[in-house]
Q: 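Just dropping this structure here.
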Amino acid sequence: MSFTRRFAAHPGALIGLLLLAAVLFIAAFAGLLYPGDPWQSVGPPLLPPGGDPLYPLGTDLLGRDIAAGLAHGARVSLLIGVISTMAAVLVGVVLGAIAGFFGGWVDDLLMRFTEFFQTIPAFAMAVVLVAIFTPSITSITGAIAIVSWPPVARLVRAEFMSLKSREFVQAAVTLGQRPLRIMFSQILPNTMSPIIVTASLMVATAILTESSLSFLGLGDRNMMSWGYMIGAARTMLREAWWLSVFPGVAILLTVIAINLIGEGLNDAVNPHLRGRKD
Amino acid sequence: MPEGDGRNMKSLDFILRRLAKAFFVVIGVVILNFLLIQLAPGDPAAVMAGDAGAGDAEYLAQLRAQFGLDKPLPVQLWNYLSGVLTGDLGYSYRNQLPVLDLIMDRLPATLLLTGCALVFSLVFGILFGVIAAWRRGGVLDSTIMFGALLFYATPLFWTALMAVLLFSIKLGWLPPFDMETIGANLTGWARVKDIAWHLVLPVVTLGLFFTAIYTRLTRASMLEVMGQDFIKTARAKGVPKGRIIRRHALRNAFLPIFTFASLQAGQLVGGAVLTETVFAWPGIGRLMFDALLSRDYPVLLGVFLITAAMVVLVNLIADLLYRFVDPRIEQGA
Amino acid sequence: MLQRIRSACAVAMAVALSVTPLSAQETPQPGGALNMIVQPEPPILMVGLNTQGPTLYAGGQIYQSLLTYGKDLEPLPLLAKSWDVSEDGLTYTFTLQDNVKWHDGQPMTADDVVFTGDKFLREAHPRWRLIANTYVESITAPDPQTVVFKLSKPFSAFIYSFELSSFPIIPKHIYEGTDYRTNPANQNPIGTGPFMLKEWKRGQYIHLVKNPDYWKPGLPYLDELYFRVIPDSASRAIAFEQGTVDILRGGDVEGFEVRRLTGMPDVENSVEGWEMYSPVVFLEMNLKTPPFEKKEVRQAVMHVLDRNFIVQTIMFGIGQPADGPFAATTKYHTDDVPQYPYDIEKAKELIAASGVNPGDYTIRLMGLPYGSQWDRLAEYVKQQLEQLGFNITIQAVDPGGWSQAMSDFNFDLAFNFTYQYGDPAQGVARHYLSSNIVKGTPYGNNVSYENPAVDQLFAEAASSTDPDEVAAKYAEVQQILVDDVAMAWLFDMQNVTLWRPKVRNLIRTGIGLNESMDEVWISK
């Protein structure tokens with residue numbers, strides 16, 4: 001079975017893909033769907049959902065449209081998730097590849113370094129980093145990246161260690177190829193699938209982490225993200241549930257979608273797991 | 001018995017090497033954090049001056065001198081490290097207490113919370129994971145995996161808020177916060193029951209997220225093991241499925257789960273920051289957050305040090321257990 | 001008369017009013033425990049070293065000052081049973097109460113007061129230090145029950161220097177010759193107050209118990225006080241609803257919770273007990289950063305901010321729109337100042353007149369890290385200023401970051417509020433005197449306002465002994481400051497105290513719940 005067909009045979013993955021496509025669509029066309037600044041007051045304050053067809057999801061304390069916030073928030077939340085993951089993957093791949101390929105003291109040194117980061121609870125570390133560098137979209141993305149690269153590094157290292165003794169790599173070594181070229185043209189392409197699966201799950205975790213940071217008051221005040229919407233409104237949960245429930249559901253659905261896709265990818269790239277039917 | 005001696009020697013050597021490594025990691029974490037904190041824009045002396053109502057340059061200088069903040073960075077680091085080596089984690093100038101006292105005061109609450117949450121999530125995670133693997137493809141499997149996905153995807157604080165709304169406010173079944181009934185002066189068994197009662201909501205909300213993780217992990221791990229040759233052989237021999245799962249698959253699936261759990265021990269403490277905030281739980285997660293907000297750096301460093309030491313210790317124990325449970329690891333060590 | 005907060009729900013108001021007890025006529029019943037919330041948890045209870053709200057709240061039951069102040073700000077006896085001010089305003093003589101003992105049994109004498117003013121607070125208390133170094137020539141104790149303060153020049157507000165947060169009496173026999181900050185007694189505070197520290201479970205509660213040797217015979221009525229630590233504001237509201245705590249004070253819960261809880265049956269509320277502090281919330285515009293050095297720009301900012309909207313919507317009706325630097329609840333406040341009604345067109349005209357092109361500026365706006373209402377306030381101000389064409393970036397800070405940025409003058413726009421301490425010379429002048437443009441505190445002249453006329457008027461008012469002259473000077477100062485828009489004053493903060501009706505005699509003075517709760521009692 002081809003990759004696409006294996007993936008498509010996974011109903012959960014298809015649902016996930018549809019959901020994510022919808023979120024991406026909204027994020028991409030937020031500006032067209034809801035032109036203007038989502039921070040601007042447009043209606044009466046604290047309008048419950050359904051109260052006015054103009055604002056189907058209601059308005060917040062300053063009369064801002066929740067639906068517009070959700071659409072624009074999709075951009076920010078996905079952006080934080082994707083960029084922090086890309087940064088983490090980059091760092092993880094580079095360190096993991098070097099450690100796994102060269103081994104010896106280089107490996108030892110890099111793995112100790114990785115352990116420092118793994119020994120500190122990731123969320124606690126993110127909290128400290130964001131507080132120290134003052135909350136902004138940059139510091140939040142950076143902090144999430146800093147706490148999430150170690151598993152990637154370990155994964156890549158393990159892959160490199162097992163692949164470097166394989167025939168095709170040994171052949172390249174015999175041919176006198178430079179280590180850097182071997183690492184990136186021979187070994188790395190063969191480690192891509194587990195990296196992609198891991199990365200997809202990291203995006204989901206990053207979105208969750210951003211929302212938790214916002215809960216503690218460490219969100220960017222200039223970016224309307226879902227996490228920020230919840231963080232700003234969660235104390236009003238009993239007075240105005242719609243302020244935090246809708247962004248909460250948005251996070252839930254997106255994280256579920258990404259996870260379903262991740263699982264589908266995992267099964268598609270590891271066909272031996274799927275082939276084993278009872 | 002020469003053979004046994006050799007093995008013991010090797011084990012001792014292994015333990016010593018692992019201890020040395022653990023020590024190195026903890027010291028590394030301390031230095032890393034110490035340097036990190038120097039980047040922070042908040043000046044502890046300014047925060048203290050704010051506490052006192054006002055302040056001028058002279059007053060700030062007086063505070064800095066008193067707490068050694070005017071010394072060069074390497075000197076401060078050296079003082080701190082030599083303190084740590086003698087068991088002195090410094091002095092919280094804001095709370096006017098030794099850092100170790102502050103942490104030890106709060107550590108039991110966090111250990112109780114995270115320990116219970118760990119046990120909760122392992123027990124239910126493994127249980128659900130095994131059921132899902134056993135009933136693979138069935139309705140039960142789908143239900144469990146959907147539930148796991150749901151709790152995995154729900155922000156932890158959100159679960160906590162909803163649980164309080166439902167079980168404390170609407171139904172009035174469980175206390176919404178605190179570790180025990182304050183002012184009740186309970187002792188003995190009554191106090192244990194009281195604390196257990198207060199533990200339910202925080203443990204369940206913190207534990208659900210990790211239960212979701214362990215459920216998925218157990219299921220995957222079980223399926224992996226069940227695909228291996230020895231299980232296939234057993235099945236071919238006609239050994240009943242239930243027995244295969246109990247006798248063979250489960251035992252072999254445990255190892256990766258425990259390894260993962262030991263690596264995750266620190267993450268529970270991270271999650272405790274949120275749980276302790278919602279439930280007014282007097283643990284070190286909250287202590288850390290308060291220290292961060294008031295720039296009480298010795299406390300912040302101390303909490304990180306203690307957490308790191310705990311994580312390293314848990315990993316060390318896991319490593320040793322691993323080694324004695326599965327002697328094959330020896331070759332890789 | 002109880003000044004009640006506006007409530008959205010008229011029926012709820014009627015219910016709330018109908019349960020007002022006539023506590024004055026009842027006979028106090030001794031005994032019982034009072035449950036309160038201390039938020040955030042104070043680092044220490046030693047009032048001489050930390051004057052933050054939470055420390056004063058719990059520490060005010062342990063430590064006491066010479067005087068306290070009524071709701072009309074009149075000085076009232078506390079540890080001083082009487083006092084006398086000389087004709088020239090240079091000599092203040094206090095006579096102490098009889099038989100006052102420290103919690104460790106030692107007698108409290110005039111020596112302790114001298115030590116407090118001359119040694120302890122002069123070193124550790126920045127506000128007292130400023131007063132002492134500027135005005136106080138000597139503090140002496142002619143006999144164990146008399147203390148005499150001699151001033152080098154008259155200071156009309158000196159009588160307001162003896163409140164709990166300014167001048168708590170500290171035991172000489174415990175602190176003399178020690179390092180004040182690391183003295184072990186800071187963990188085990190010894191005061192003269194009606195309650196003593198029994199146990200402090202950090203992260204959980206502070207437990208105080210009745211002082212059996214309290215100097216007021218037969219008092220306190222209550223046996224125990226619990227100050228509980230509940231970090232989440234939603235949980236604090238639940239604690240009050242479920243009866244876990246008996247009192248919520250201003251700031252314990254957010255505005256919409258106050259509105260909801262005041263509507264509940266069996267809940268009393270009042271905004272009294274803050275007269276001494278009367279905080280005014282303002283937006284500080286750094287006069288050293290363009291374009292705020294231009295008066296027209298600052299006036300435009302005043303015009304573009306709808307202070308009624310801020311109070312009604314963002315603060316849920318809790319507060320009064322401000323028209324100037326002096327809180328309306330304090331002495332010397334005048335309405336006769338230039339007015340800046342909400343008027344966007346006027347604001348745009350002023351910007352045009354200033355010659356400033358707002359699009360050229362990206363301005364940082366620093367919020368206050370105290371919860372969602374302050375976040376909404378920052379978002380509102382951003383939205384309004386963007387209507388004038390400015391680019392505004394909100395800087396999110398935690399309390400540590402806020403203190404640091406303010407103390408370093410590293411801000412463009414920042415919110416702040418400060419206590420006024422009964423007299424403009426104590427709590428207001430500090431923000432506008434050019435001599436107070438000193439880095440190191442968030443509560444000085446951080447906007448770098450410089451106006452010799454204002455400096456002189458404040459100085460003259462402070463050193464005058466004629467009340468009419470003082471009032472005239474202060475009226476003139478207010479007119480100048482408001483015309484200059486030295487800051488954008490937003491609103492006089494109101495702090496609503498909520499309590500269960502069984503708690504009697506709770507708010508008795510202008511320092512409210514920080515007052516020793518010796519006469520508070522619980523009806524059974």
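Here is the naming used below: chain letters follow the sequence lines, and residue numbers restart at 1 for every chain.
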Q: In terms of heavy-atom proximity below 4.5 Å to chain B, should C:Asn35 be classed as side chain, backbone, both, or neither?
A: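 C:Asn35 has no heavy atom closer than 4.5 Å to chain B.
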Q: Tell me which of these, C:Ser166, C:Ser235, C:Ala33, C:Ser407, has more heavy-atom pairs under 4.5 Å with chain B than the rest.
A: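 Of the candidates given, the most pairs with chain B belong to C:Ser235.
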Q: Please find the pair of heavy atoms, one from C:Ile238 and one from B:Val164, that lie closest to each other, and give the distance.
A: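 Closest pair (atom of C:Ile238, atom of B:Val164, distance): CD1-CG1, 3.9 Å.
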Q: For B:Phe289, is it the side chain, the backbone, both, or neither that has a heavy atom closer than 4.5 Å to a heavy atom of chain C?
A: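 Neither; nothing under 4.5 Å.
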Q: When only pairs under 4.5 Å are counted, which of C:Ala239, C:Ala234, C:Gly53 shares the most heavy-atom pairs with chain B?
A: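 Greatest number of close heavy-atom pairs with chain B: C:Ala239.
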Q: With a 4.5 angstrom heavy-atom cut-off, which part of B:Leu97 approaches chain C: side chain, backbone, both or neither?
A: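 Both the backbone and the side chain of B:Leu97 come within 4.5 Å of chain C.
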Q: State the CD-CZ distance between C:Gln204 and B:Arg106, to the nearest 0.5 angstrom.
A: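 Rounded to the nearest 0.5 Å, the CD-CZ separation comes to 8.5 Å.
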Q: So, applying side chain to side chain contact (heavy atoms under 4.5 Å, CB included) with B:Gln96, which one of C:Asn50, C:Leu49, C:Thr182 is it?
A: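 Single side chain to side chain contact (heavy atoms under 4.5 Å, CB included) partner of B:Gln96 among C:Asn50, C:Leu49, C:Thr182: C:Leu49.
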Q: Give the minimum heavy-atom separation between C:Arg228 and B:Phe177, together with the two atoms involved.
A: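 Scanning both residues completely, I find the closest heavy atoms to be NH2-CE1, 4.3 Å.
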Q: Against chain C, work out which of B:Thr181, B:Asp178, B:Asp290 has the most heavy-atom pairs shorter than 4.5 Å and name it.
A: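 When all of B:Thr181, B:Asp178, B:Asp290 are compared, B:Asp178 has the most.
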Q: Would a 4.5 Å heavy-atom cut-off, applied to side chains only, mark B:Asn95 and C:Arg202 as touching?
A: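 In contact.
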Q: First locate atom NZ of C:Lys201, then atom CD of B:Glu180, and finally report the distance between them rounded to the nearest 0.5 Å.
A: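 Rounded to the nearest 0.5 Å, the NZ-CD separation comes to 6.5 Å.
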Q: With a 4.5 Å cut-off on heavy-atom pairs, point out which of B:Pro282, B:Ala280, B:Pro176, B:Ser168 contacts chain C the most.
A: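 When all of B:Pro282, B:Ala280, B:Pro176, B:Ser168 are compared, B:Pro282 has the most.
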